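Quick caveat, the model's predicted, so the values are computed rather than measured. Computed over heavy atoms, backbone and side chain alike; hydrogens, waters and symmetry mates excluded.
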Amino acid sequence: MTEETELLEKIEADEVIVEVIDKNTGKLFRRNLPLGYLETGNGIILSGETFDGKPAEINFLSDAALAKITDLFGKGPDQSQCDNEEEQG
């Protein structure tokens, strides 16, 4: 695996830039936030601290991660995702 491919599999940052457009004025605002950012194929994790200084995280799961969780809890399709004839026998 090349270094470029490895970088694309996981994106990390110690600071996040948020841009919002105010719904009342239409003005664009940009803020640098001291949030940890981790993105993989399973989704995005934002990490920081509460007002009390306690660790906090927000997890945004990808569709692929949600499908895996659904399968783990037995809520997925009743057929194998693999095309293996041994399993069908």
Side-chain angles (χ1 to χ4, degrees):
M1 194 177 319
T2 66
E3 185 177 342
E4 183 178 329
T5 305
E6 288 177 17
L7 292 175
L8 294 177
E9 291 180 6
K10 180 169 80 170
I11 302 168
E12 291 184 89
D14 295 327
E15 183 178 76
V16 175
I17 299 171
V18 176
E19 289 186 346
V20 297
I21 298 175
D22 181 69
K23 66 180 180 179
N24 297 312
T25 64
K27 290 184 178 183
L28 174 71
F29 295 89
R30 183 179 185 158
R31 303 287 186 255
N32 292 348
L33 304 176
L35 293 175
Y37 179 93
L38 174 62
E39 180 178 349
T40 67
N42 290 324
I44 296 171
I45 299 172
L46 297 176
S47 56
E49 294 181 348
T50 65
F51 284 121
D52 299 333
K54 296 178 184 174
E57 284 187 356
I58 299 174
N59 299 283
F60 299 92
L61 299 176
S62 67
D63 289 340
L66 289 173
K68 289 177 193 175
I69 291 170
T70 300
D71 287 347
L72 286 172
F73 283 101
K75 306 284 186 198
D78 289 334
Q79 59 191 19
S80 173
Q81 294 181 6
C82 301
D83 219 6
N84 190 345
E85 291 181 20
E86 292 177 16
E87 291 181 19
Q88 297 173 3

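The side chain to side chain donor-acceptor pair (under 3.5 Å) search around Asn32 returns none, not counting sequence neighbours.
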Show me the donor-acceptor pairs, under 3.5 Å and distance only, between side chains in residues 11-24 and residues at least two apart or in other chains.
{"unit_1": "Asp22", "atom_1": "OD2", "unit_2": "Asn24", "atom_2": "N", "d": "3.1"}
{"unit_1": "Asp22", "atom_1": "OD2", "unit_2": "Thr25", "atom_2": "N", "d": "2.7"}
{"unit_1": "Asp22", "atom_1": "OD2", "unit_2": "Thr25", "atom_2": "OG1", "d": "3.0"}

With a cut-off of 3.5 Å and sequence neighbours excluded, list every side-chain donor-acceptor pair involving residues 33-53.
{"unit_1": "Tyr37", "atom_1": "OH", "unit_2": "Glu39", "atom_2": "OE1", "d": "2.4"}
{"unit_1": "Thr40", "atom_1": "OG1", "unit_2": "Asn42", "atom_2": "N", "d": "3.1"}
{"unit_1": "Asn42", "atom_1": "OD1", "unit_2": "Lys68", "atom_2": "NZ", "d": "3.4"}
{"unit_1": "Thr50", "atom_1": "OG1", "unit_2": "Asp52", "atom_2": "N", "d": "3.2"}
{"unit_1": "Thr50", "atom_1": "OG1", "unit_2": "Lys54", "atom_2": "N", "d": "3.2"}

